[in-house]
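Take a look at the structure below.
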Number of protein chains: 2
Amino acid sequence: MKDCTLYKTMDIIGKRWTLCILLELHKGNGKKHFNELKYMLHSITPKTLSTRLKELQDHGLIKRDVESDSTPVRCNYSLTESGEEFIEIISHIKKWGLKWKFENEICSESDCQKCGIRQISDPQCSTQ
Amino acid sequence: MKDCTLYKTMDIIGKRWTLCILLELHKGNGKKHFNELKYMLHSITPKTLSTRLKELQDHGLIKRDVESDSTPVRCNYSLTESGEEFIEIISHIKKWGLKWKFENEICSESDCQKCGIRQISDPQCSTQ
DNA sequence: CAGGATCCAAAAGGATACTG
DNA sequence: CAGTATCCTTTTGGATCCTG
């Protein structure tokens with residue numbers, strides 16, 4: 001049971017802050033620095049952020065680019081292709097949550113400003 | 001951030017064993033007893049199983065029916081409509097996991113006998 | 001700026017025994 | 001049979017300080 005694709009996947013994306021980080025990277029223009037992420041996810045500690053970023057890199061959902069010509073060092077984090085595709089799953093979860101009343105006044109909006117995920121409006125798999 | 005539909009939903013379904021339980025209920029004919037589940041998820045403890053079942057009931061994904069004419073008491077657990085629909089999300093997660101190589105030899109099969117989820121074969125949202 | 005190191009608190013979950 | 005109670009281990013993540 002534990003070596004099933006599903007559970008492997010859930011082990012990666014089921015952890016606290018992971019979805020927040022993916023969404024934060026999805027919302028922006030595509031690149032964010034460490035402290036920028038720390039600021040957006042205002043109650044995350046650097047240790048936890050660092051851990052999550054490393055996990056997501058290891059599993060190929062995000063990538064880390066160092067600006068070579070900057071002092072001090074700056075690192076750009078962005079979603080990879082698999083990371084972007086994962087956002088679709090998050091959309092489905094949101095759609096399900098909205099349908100079955102796991103909602104609040106903000107996420108009931110079709111385009112939630114907080115989580116940056118646009119609600120899927122048709123029954124097909126929109127690529128939003 | 002924390003009161004978003006997404007995070008509420010993830011709080012419910014992101015916990016260890018939860019997906020296993022939903023899948024176990026999905027695989028069967030629709031009804032399973034407590035000890036039956038405990039046996040299928042062989043390393044789960046009754047405490048954890050009890051906790052998860054209660055959570056899932058509270059959130060409406062499963063229902064619990066007591067067989068009134070039995071001694072000792074027997075309880076049937078089964079998926080509700082929202083629970084069944086959630087299985088579709090699990091299918092999407094599996095599809096994503098397979099595409100991006102979070103796989104093993106078993107779950108690579110289009111119909112995984114272990115997790116009971118048939119891989120979605122077309123790009124649309126199959127209701128499997 | 002981007003983290004690593006250390007210490008600590010809280011929570012989740014397992015083992016085992018017991019009960020209506 | 002279907003859990004509950006108790007105890008305990010492991011995991012997780014937060015706080016804080018430090019560094020290349």
Side-chain angles (χ1 to χ4, degrees), chain A residues 1-2 7-25 28 30-59 62-79, chain B residues 1-2 7-25 28 30-59 62-79:
Chain A
M1 209 79 178
K2 293 305 181 51
Y7 302 109
K8 284 184 180 173
T9 306
M10 287 302 291
D11 273 350
I12 301 162
I13 53 90
K15 295 185 178 177
R16 203 182 318 180
W17 291 112
T18 299
L19 287 189
C20 303
I21 293 167
L22 290 176
L23 288 173
E24 209 48 55
L25 292 175
K31 289 185 188 302
K32 288 231 171 65
H33 304 133
F34 190 88
N35 280 339
E36 216 169 341
L37 286 169
K38 191 153 74 69
Y39 175 76
M40 297 306 293
L41 313 167
H42 55 283
S43 65
I44 198 170
T45 62
K47 175 191 167 187
T48 306
L49 179 56
S50 176
T51 306
R52 289 290 168 277
L53 289 173
K54 213 162 292 174
E55 290 166 358
L56 287 170
Q57 285 171 71
D58 288 346
H59 293 103
I62 69 174
K63 60 178 186 290
R64 175 181 183 269
D65 299 306
V66 181
E67 293 181 14
S68 54
D69 56 348
S70 66
T71 307
V73 178
R74 299 196 124 228
C75 296
N76 285 311
Y77 292 94
S78 55
L79 293 179
Chain B
M1 206 82 179
K2 292 305 181 51
Y7 302 109
K8 283 184 181 173
T9 306
M10 287 301 292
D11 272 351
I12 301 162
I13 53 91
K15 294 186 179 177
R16 205 181 317 182
W17 290 114
T18 299
L19 287 188
C20 304
I21 293 167
L22 291 175
L23 286 174
E24 208 49 55
L25 292 174
K31 287 185 188 303
K32 289 231 169 64
H33 305 134
F34 190 88
N35 281 339
E36 213 169 342
L37 286 169
K38 191 153 74 69
Y39 176 76
M40 298 305 293
L41 312 167
H42 55 281
S43 65
I44 197 172
T45 62
K47 175 191 168 188
T48 306
L49 179 56
S50 177
T51 304
R52 290 290 169 277
L53 289 173
K54 214 161 293 174
E55 289 166 359
L56 287 170
Q57 284 172 71
D58 288 346
H59 293 102
I62 70 174
K63 59 179 187 290
R64 176 180 182 270
D65 299 306
V66 181
E67 292 180 15
S68 55
D69 55 348
S70 66
T71 308
V73 178
R74 298 198 126 228
C75 295
N76 286 312
Y77 291 94
S78 55
L79 294 178

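Chain letters run A, B, ... following the sequence lines, proteins first, then strands; residues in each count from 1. Just the heavy atoms: all of them, side chains too, but no hydrogens, waters or symmetry mates, feed the values below.
Remark: T45(A), K47(A), T48(A), R52(A) in residues 45-53 of chain A come within less than 4.0 Å of DNA chain D through at least one heavy atom.
By the salt bridge (Lys or Arg N to Asp or Glu O under 4.0 Å) test, K63(A) is found to be paired with no residue, residues two or more places apart in sequence or in another chain being considered. Here T18(B) pairs with K15(B), L22(B), R52(B), L56(B) under the side chain to side chain contact (heavy atoms under 4.5 Å, CB included) rule; sequence neighbours left out. Contacts of T45(A) classified as side chain to side chain donor-acceptor pair (under 3.5 Å), with partners at least two apart in sequence or in another chain: T48(A). Taking N76(B) as the reference, H33(B), E67(B) meet the side chain to side chain donor-acceptor pair (under 3.5 Å) condition, with sequence neighbours excluded. Taking the side chain to side chain donor-acceptor pair (under 3.5 Å) definition, one finds that T51(A) meets it with nothing, sequence neighbours left out.
At its two ends the helix from dC1(C)-dG20(D) to dG20(C)-dC1(D) runs along axes set 50° apart, each axis drawn from five pairs and the angle rounded to 10°.
Taking atom CH2 on W17(B) and atom P on dT10(D), their separation rounds to 18 Å, with Å as the unit. Rounded to a whole Å, the CD1 atom of I62(A) is 13 Å from the P atom of dA2(C). Atom CG in D11(B) sits roughly 16 Å away from atom P in dT12(D) (whole-Å rounding).
Residue pairs that meet the salt bridge (Lys or Arg N to Asp or Glu O under 4.0 Å) test with at least one member in residues 34-49 of chain A, sequence neighbours left out, do not exist here.
In plain terms, the two heavy atoms of M10(A) and G14(B) that are nearest each other are CE-CA, 4.0 Å.
Here dG13(D) is the nucleotide among dG13(D), dC1(D), dG13(C) with the atom lying nearest to any side-chain atom of K15(A). Side chain of F34(B), nearest nucleotide from dG14(C), dG3(D), dG3(C): dG3(D).
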